[in-house]
Amino acid sequence: AMPVQAQIHVGVKGGLNLSKASLSDIPGNFKKDNFTGFFIGPMAEVNIPIVGLGVDASLLFAQRGVKVTPEGADEYTVKQNGLDIPVNLKYNIGLGSLLGLYIAAGPDFYFDFEKKSGIDKKKAEVGINVGAGVKLLNHLQVGANYNIPLGDTAKIEGTDGSYKTKTWQVSVAYIF
């Protein structure tokens with residue numbers, strides 16, 4: 001019988017955020033476009049080797065946002081720079097020592113650093129992450145996540161309008 005011991009690994013994670021807003025109760029004709037940002041920071045994962053389950057957590061500086069164009073006006077970008085803390089339950093499927101697959105899901109906590117006039121952005125957001133990826137050589141991870149906020153991201157001051165920023169993430173992580 002082999003004892004089951006959790007394995008703790010640390011690394012660095014970075015990637016690309018592609019955000020898109022869903023608008024509600026916005027007056028007039030607004031056009032919305034995707035916003036591209038980045039994220040980077042340290043990460044840690046705890047794995048139970050035989051079972052394939054683990055927990056993956058990161059502390060990331062992240063850019064999110066939305067681009068909107070009100071009718072008859074110039075494009076307006078609302079950028080969010082903040083701290084993103086995803087904590088995911090991860091299921092690993094090993095395909096040998098060189099390759100593995102994983103699926104992950106869990107909560108995401110986002111804390112915004114900036115205040116923008118005309119926009120009442122929430123200082124803190126809670127969302128849900130779902131994702132999948134590939135592990136190569138037990139050190140490199142390439143993945144994709146989708147982040148869905150549980151509430152509005154911001155309210156437009158002077159209106160009943162609000163928006164919710166949903167974000168696709170493409171990430172690369174190196175585990176030491």
Side-chain angles (χ1 to χ4, degrees), residues 2-22 33-67 77-114 121-151 153-154 164-176:
M2 287 179 37
V4 176
Q5 297 180 4
Q7 296 179 356
I8 300 172
H9 301 281
V10 295
V12 64
K13 184 182 216 177
L16 185 69
N17 280 335
L18 183 62
S19 302
K20 185 167 188 167
S22 56
D33 290 320
N34 293 338
F35 176 86
T36 303
F38 71 93
F39 60 93
I40 190 164
M43 68 169 289
E45 66 177 15
V46 179
N47 293 315
I48 302 171
I50 296 173
V51 180
L53 283 177
V55 175
D56 176 322
S58 302
L59 188 63
L60 306 169
F61 172 78
Q63 285 185 331
R64 297 179 181 177
V66 60
K67 292 180 184 177
T77 300
V78 180
K79 190 188 306 184
Q80 294 173 270
N81 288 320
L83 183 64
D84 193 11
I85 307 171
V87 180
N88 292 314
L89 182 63
K90 191 184 258 187
Y91 181 67
N92 297 291
I93 303 163
L95 302 174
S97 62
L98 299 178
L99 180 69
L101 303 174
Y102 68 85
I103 55 173
D108 180 78
F109 306 96
Y110 187 81
F111 302 95
D112 196 9
F113 295 154
E114 297 181 20
K121 294 188 293 182
K122 289 188 175 179
K123 293 284 185 200
E125 271 183 70
V126 177
I128 296 175
N129 271 330
V130 292
V134 176
K135 286 185 168 186
L136 305 167
L137 305 172
N138 287 329
H139 292 284
L140 187 63
Q141 295 181 10
V142 178
N145 287 324
Y146 188 59
N147 178 273
I148 307 158
L150 295 177
T153 300
K164 185 184 288 193
T165 306
K166 299 172 184 169
T167 306
W168 278 102
Q169 296 180 319
V170 178
S171 66
V172 174
Y174 185 80
I175 309 297
F176 302 107

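- Shown here for Ser19 and Thr167, the closest heavy-atom pair between the two residues is OG-OG1, 3.1 Å.
- Asn17 contributes a side-chain N or O that, together with a main-chain N or O of Gln63, makes up a donor-acceptor pair within less than 3.5 Å.
- Checking side-chain atoms of Tyr110 against main-chain N and O of Gln80 turns up a donor-acceptor pair under 3.5 Å.
- Not counting sequence neighbours, the partners of Ile85 by the side chain to side chain contact (heavy atoms under 4.5 Å, CB included) test are Leu59, Leu83, Val87, Phe109, Phe111.
- Between Tyr146 and Trp168, the two ring planes are tilted [angle within 30° to 60°].
- Listed here is the closest heavy atom pair of Leu16 and Gly37: CD1-O, 3.3 Å.
- We find the CG-CD1 distance between Leu150 and Ile128 to be 4.5 Å, quoted to the nearest 0.5 Å.
- Considering CD1 of Ile175 and CG of Leu136, their distance stands at 12.0 Å, rounded to 0.5 Å.
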Q) Can His9 and Phe176 be said to form a ring-ring contact (aromatic ring centres under 6.0 Å, His included), step by step? A) CA-CA 7 Å; His9 301 281; Phe176 302 107; over 10 Å; no

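- When each of Asn129, Ile103, Asp108 is checked for a side chain to side chain contact (heavy atoms under 4.5 Å, CB included) with Asn88, only Asn129 meets the rule.
- In this structure, the separation between NZ on Lys79 and CZ on Phe35 is 5.5 Å, given to the nearest 0.5 Å.
- A heavy-atom distance below 4.5 Å is found between the side chains of Pro86 and Leu60.
- Rounding to the nearest 0.5 angstrom, the gap separating the CG atom in Asp56 from the CG atom in Asn92 is 9.0 Å.
- Looking only at side-chain heavy atoms (C-beta outward), Arg64 and Asp84 come within less than 4.5 Å of each other.
- Closest approach of Gly131 and Asn145 over heavy atoms only: CA-OD1, 3.2 Å.
- Side chains of Gln141 and Lys90: a donor-acceptor N/O pair is present below 3.5 angstrom, by distance only.
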